[in-house]
Amino acid sequence: MKLVFAIVHDEDGNKVMKELNDNGFSVTKMCSTGGFLKAGNTTLLVGVDQDKVDQVIEIIKNKSKSRKQIINSTVSPIDVGSVFLSNPVEVLVGGATIFIVDVERFEKV
Ligand code: 2BA
């Protein structure tokens with residue numbers, strides 16, 4: 001058995017979860033926060049047999065869009081005397097970031 005962690009955009013979370021449920025997969029949705037943008041995102045957990053992992057990835061891929069987001073970087077502001085100008089930076093977020101790990105043991109009690 002494998003556990004799929006999929007980090008998706010908040011706006012895609014419910015669509016991805018519904019499609020997984022409609023295809024018979026159990027899903028747990030967690031609210032998460034990206035360390036770089038400090039913005040909310042959604043982490044989905046899907047426990048699944050190894051032979052279904054590719055199907056799960058395909059569903060996540062089809063329902064997750066990539067988006068450009070502009071952030072006002074505070075990493076390298078331009079220091080003009082006592083005035084700090086923030087530096088807009090464009091980053092491409094998603095579709096989805098996926099981790100797949102082995103499940104040593106799975107119990108429902
Ligand atoms: P964030 O950490 O908020 O990152 C959002 C987007 O900012 C990333 O999109 C990437 O395009 C950019 N980014 C992140 N760190 C950067 C850096 N040090 N310098 C420049 N640009 C940077 P994605 O790669 O699609 O990631 C979306 C979200 O997935 C991330 O949100 C984070 O929550 C998660 N994630 C991505 N890679 C991860 C990893 N290796 N481990 C854990 N979580 C990860």
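Counting begins at 1 with the first residue of the sequence. Whatever order the structure lists ligands and atoms in, that order sets their numbers, starting from 1. Computed over heavy atoms, backbone and side chain alike; hydrogens, waters and symmetry mates excluded.
The hydrophobic cluster containing I100 also contains V16, counting ILVMFWY residues as joined when their side-chain heavy atoms lie under 4.5 angstrom apart, directly or transitively.
Near L37, the atoms of ligand 1 lying under 4.0 angstrom from a non-hydrogen atom of the residue are 1 (P), 3 (O), 5 (C). Residue-ligand proximity, G34 to ligand 1, at heavy-atom distances under 4.0 Å covers atoms 1 (P), 2 (O), 3 (O), 31 (O), 33 (O).
At least one N or O atom of G94 sits closer than 3.5 Å to an N or O atom of ligand 1. Considering backbone and side-chain atoms alike, G35 places an N or O below 3.5 Å from some N or O of ligand 1. In terms of N/O distances under 3.5 Å, ligand 1 is approached by N41.
Nearest protein neighbour of atom 44 (C) of ligand 1, counting heavy atoms only, is I7 CD1, 4.1 Å. What sits closest to atom 13 (N) of ligand 1 on the protein, heavy atoms only, is F36 CD2, 3.4 Å. Scanning the protein heavy atoms around atom 42 (C) of ligand 1, the nearest turns out to be F99 CZ, 3.7 Å.
Among T43, T42, L92, I98, the residue whose heavy atom sits closest to atom 9 (O) of ligand 1 is L92.
Under 4.0 Å is where a charged nitrogen must lie from a carboxylate oxygen, and between E11 and K65 no such pair does. Contact check on D49 versus K52 returns no salt bridge, with no Lys/Arg side-chain nitrogen under 4.0 Å from an Asp/Glu carboxylate oxygen.
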